[in-house]
Structure formats: C-alpha cells, structure tokens
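Values below: every heavy atom of this structure, side chains too, minus hydrogens, waters and symmetry copies. From a predicted model like this one, the values you see are computed outputs, not experimental measurements. So you know, we letter chains A, B, ... as the sequences are listed, proteins then strands, and number each from 1.
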Protein chains: 2
Amino acid sequence: MIDRIDIKLLDLLQRHGPRPAAELGEKVGLSASACHRRIRALEAGGIIAGYTARLVPERIGLGLDVFVDISLTSQSEEALTAFESAVKSYDEILECQLLSGASDYRLRVAARNVADFDRLHRHCLSRLPGVAAMHSAFTLRTIKAFEGYPVSGIDERR
Amino acid sequence: MIDRIDIKLLDLLQRHGPRPAAELGEKVGLSASACHRRIRALEAGGIIAGYTARLVPERIGLGLDVFVDISLTSQSEEALTAFESAVKSYDEILECQLLSGASDYRLRVAARNVADFDRLHRHCLSRLPGVAAMHSAFTLRTIKAFEGYPVSGIDERR
DNA sequence: TATTTCAACGCAAAAATTGTGCGCTCTTGT
DNA sequence: ACAAGAGCGCACAATTTTTGCGTTGAAATA
C-alpha cells in the first residue's frame, strides 16, 4: 500500500511542498509521470490532506505564542459541547485538544504582544462557557517548530 | 507594505496551498499576472516561508499525540544548550518550546500507540540530558487542529 | 513450468500554469 | 501642474502538469 518510494515522496513534500514532478522523480528514481501519479494517489488516498503556505507569525505581527490550560466547572456532555463550539468559533484560538491529566483542555493562541493577549483574554477566553480555571504559559523561545511528522518509520507493505 | 488584497491572498494560500494564479486572482479581484507577482513578493519578503504538504498523522500510523513537560536539574547555559541540541536531534520530537511558568520545556511528540510511546520514552526522552522531572499528557481528542494563523488583523498600511 | 493478469513504468503529446516584457494608469511628492 | 514610481492587465514564452498508450515484470493460475 505504501512503499519506500512513497515514503521518500512524503518526506520531500512535507518539507518543501509542491516541486516539479520531474525533480521529485529524479530524487526518488522515477520518471516524472510515474512520480506524478504516485503523488496524486497519495492525495486521493487521504495520506496527503492538502498543501498549505507556511506563514511566519512574526512577519504578520503575531509575536506571542501562548498555551492556555482550562478546566471546566462541569463535565457534562452539554458543557463540553458548548465549550468546544465556542472554541471553534474564535480564529485566534489556533489549536485545542482535550488532554488526559488534571487540566481538561489545552489551547494555543497567537497574539501580537502582551497587550493584545490581554484583549484576547477578555474578548474571547473569558467568554468561553463553563470555565472553572484557566492557566496561561507563554512561549519564551521556540527550540523546534513543527516541520512535519517523522515519516521514516511508516508501515511498509512491499 | 501589505494591503487588503495581500491579506486575502495569505488567507487563501494558508488554507488551500498553491492554486492557479488565475483562480486566486479572480477571488481577490486581480489579473493572474498581478496576483502572481503579489505572491512572489510575499515569498521574497519572508511572509510566506514556503509550502508544505499536510499529512494526516493517523494515515501514516501516528495516532498518538503527546505533550511532555520537562524541567531540568540545572539552568546553566550549558545544560540548556545540551538539552536543546539533543531535542533537535530526534525526529520524533515534533515541537519544543521554552515556557514561562513552572516546567521549563514543553515538547510534543508523535507515536504510533502507547507501546510505541513507551519505546520513544526509553529511546529518546529518557536520554535527554539534565532532566529533573518529566510529565506527559496524552491528547484524548483534538477539538481544533492548527490550520493557519488568523490573518484578518494584520497591520495594513494602505 | 508455461501462461495469464495486472499494476506500475517510461515516453511522448496535449493542456494548463507559471513566469516575464511592456505599455498604461493612477497616486504621491515637488 | 508635472515628473516619478508603483502596480496593473495583456500577450507571449517557458515550464509543468496531465493523460494516452505500449511495454515490462512480478504474482497468480493452470
């Protein structure tokens, strides 16, 4: 279903996005057309969800990266649903997951600066329904930013 | 330096990656060539760092998403540097940041399953130098995955 | 072991997209 | 009012993507 060549392709595509099929083909030892068909198959098969431009947050004025851990007053189905749909409605909330452990939810938000985070805090965070406690942690420095999944260890079947 | 049209372009490109300039141009009210030049300028200006294929972690066998908070035994320059370069050397560590607050570092790792996380734990996490304490939190459910920065509120200068 | 089958490949041509030169227009500054 | 410069659309050239088709090699079948 996925062989060594596909893995190489995924690795290349994950790092440097769309490149001419001829170039990729050369790197993985395939003709341009064969390579092209492989890529289409990976897309159609749902391995590759799509392509995106990677923006540099600082260059668009979002210099502050904050994790916010939140626990709710109630764990009822309704409480969770209400909270989650509120979360989804704010673009400033970049990510949100339900975690094992003490705090229930963790979300990541982007802000221009501390003052902007304060605005965000009042404008959206404080409006999330059912919040019992909230704790923020600022990113002081990014040691390693997400640049793709390790693709070397995929199940091969060929 | 960046106007309303660029913002629209960034938004489009961030969501749906490279699309024909003619199509983007139509959406933002520009000819294909003008649109094309705008995009090149955004790339050259460092606003767009590049393009990447977005892989679906489950489809490549990485079903487990874990946050690991780590505090070090020493805060010395050397200790931090040693820790950080070790972190960078492991592909399984997807992200790492230095945080304000109690725990020093937070990293995010991807594993196939719990058994694989155990392997990871022994194979790389436990080999990170200078670790005093480590605490893991598993993602039970992703409410919102990262899909780009909010681009609406960029400083416009036109 | 010979034969059939089928997926995947490479080549080549067609279709689409990107990349570029150029003249025009509108805004800004003097 | 006028010169200068940024940004636009058009037209065309250069690349890249996409598809048709015949071939090849491995696995299944007889």
Side-chain angles (χ1 to χ4, degrees), chain A residues 1-56 58-61 147-148 151-158, chain B residues 1-56 58-61 147-148 151-158:
Chain A
M1 185 81 184
I2 272 201
D3 64 3
R4 212 169 317 263
I5 292 183
D6 287 322
I7 292 179
K8 269 193 184 179
L9 283 175
L10 290 174
D11 191 40
L12 290 168
L13 290 171
Q14 196 174 206
R15 296 184 192 291
H16 300 302
R19 304 262 61 211
E23 179 185 324
L24 295 174
E26 193 176 348
K27 288 188 183 167
V28 302
L30 232 48
S31 74
S33 68
C35 183
H36 175 264
R37 275 185 280 247
R38 292 259 194 169
I39 295 172
R40 283 289 163 283
L42 290 168
E43 291 164 5
I47 319 281
I48 296 178
Y51 300 85
T52 57
R54 210 174 50 243
L55 307 192
V56 179
E58 289 80 11
R59 302 293 273 98
I60 55 174
E147 285 183 349
V151 102
S152 355
I154 295 184
D155 286 330
E156 293 179 40
R157 283 162 194 166
R158 271 197 262 183
Chain B
M1 185 80 185
I2 272 200
D3 64 5
R4 210 168 319 262
I5 291 183
D6 288 321
I7 291 179
K8 269 193 183 179
L9 282 176
L10 289 174
D11 192 38
L12 290 168
L13 290 172
Q14 197 175 206
R15 297 184 193 289
H16 301 301
R19 303 263 62 211
E23 179 185 325
L24 294 173
E26 193 176 346
K27 288 188 182 167
V28 303
L30 232 48
S31 74
S33 68
C35 184
H36 176 264
R37 274 186 280 247
R38 291 259 193 168
I39 295 173
R40 284 290 164 282
L42 290 168
E43 291 165 5
I47 318 283
I48 296 177
Y51 300 85
T52 57
R54 209 175 49 243
L55 306 193
V56 179
E58 290 79 12
R59 302 294 273 100
I60 53 174
E147 287 183 347
V151 100
S152 357
I154 295 183
D155 285 332
E156 294 179 40
R157 283 165 192 163
R158 274 198 258 180

Between [N] atom [atom2] and [X] atom [atom1], what is the distance in whole Å?
X      : N       : atom1 : atom2 : answer
I2(B)  : dA6(D)  : CD1   : P     : 17 Å
E26(A) : dT15(D) : CD    : C1'   : 16 Å
D3(B)  : dA6(D)  : CG    : P     : 15 Å
R40(B) : dT18(C) : CZ    : P     : 8 Å
R19(B) : dT17(D) : CZ    : P     : 13 Å
D6(A)  : dA7(C)  : CG    : P     : 16 Å

Note to self: Is there a side-chain contact between H36(A) and the phosphate of dT18(D), meaning an N or O under 4.0 Å from OP1 or OP2?
What the structure shows: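 It does, given that an N or O in the side chain of H36(A) lies less than 4.0 Å from OP1 or OP2 of dT18(D).
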Next item on the list: Report yes if some heavy atom in the side chain of I154(B) is under 4.5 Å from a heavy atom in the side chain of D6(B); otherwise report no.
Entry: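 I154(B) vs D6(B): side chains apart.
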Item checked: Worked verdict on K27(A) versus D11(A) for salt bridge (Lys or Arg N to Asp or Glu O under 4.0 Å) -> CA-CA 11 Å; K27(A) 288 188 183 167; D11(A) 191 40; over 6 Å; no
Margin query: At under 4.0 Å between heavy atoms, how does the protein contact nucleotides 9-15 of chain C? Give one character per nucleotide, 5' to 3', with B, S or -.
Written below: SBB----
I need the minimum non-hydrogen distance between [X] and [Y], along with the two atoms involved.
X      : Y       : result
R38(A) : L9(A)   : CB-CD1, 3.7 Å
V56(A) : G46(B)  : CG2-O, 3.4 Å
A32(A) : A21(A)  : O-CB, 3.6 Å
A34(A) : S31(A)  : N-OG, 3.2 Å
I7(B)  : V151(B) : CG2-O, 3.3 Å

Protein-nucleic acid N or O pairs under 3.5 Å, nucleotides 24-26 of chain D:
none

Margin query: Nearest 0.5 Å, please: how far is CD1 in I39(A) from CG in L13(A)?
Written below: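 So the CG of L13(A) and the CD1 of I39(A) are separated by 5.0 Å.
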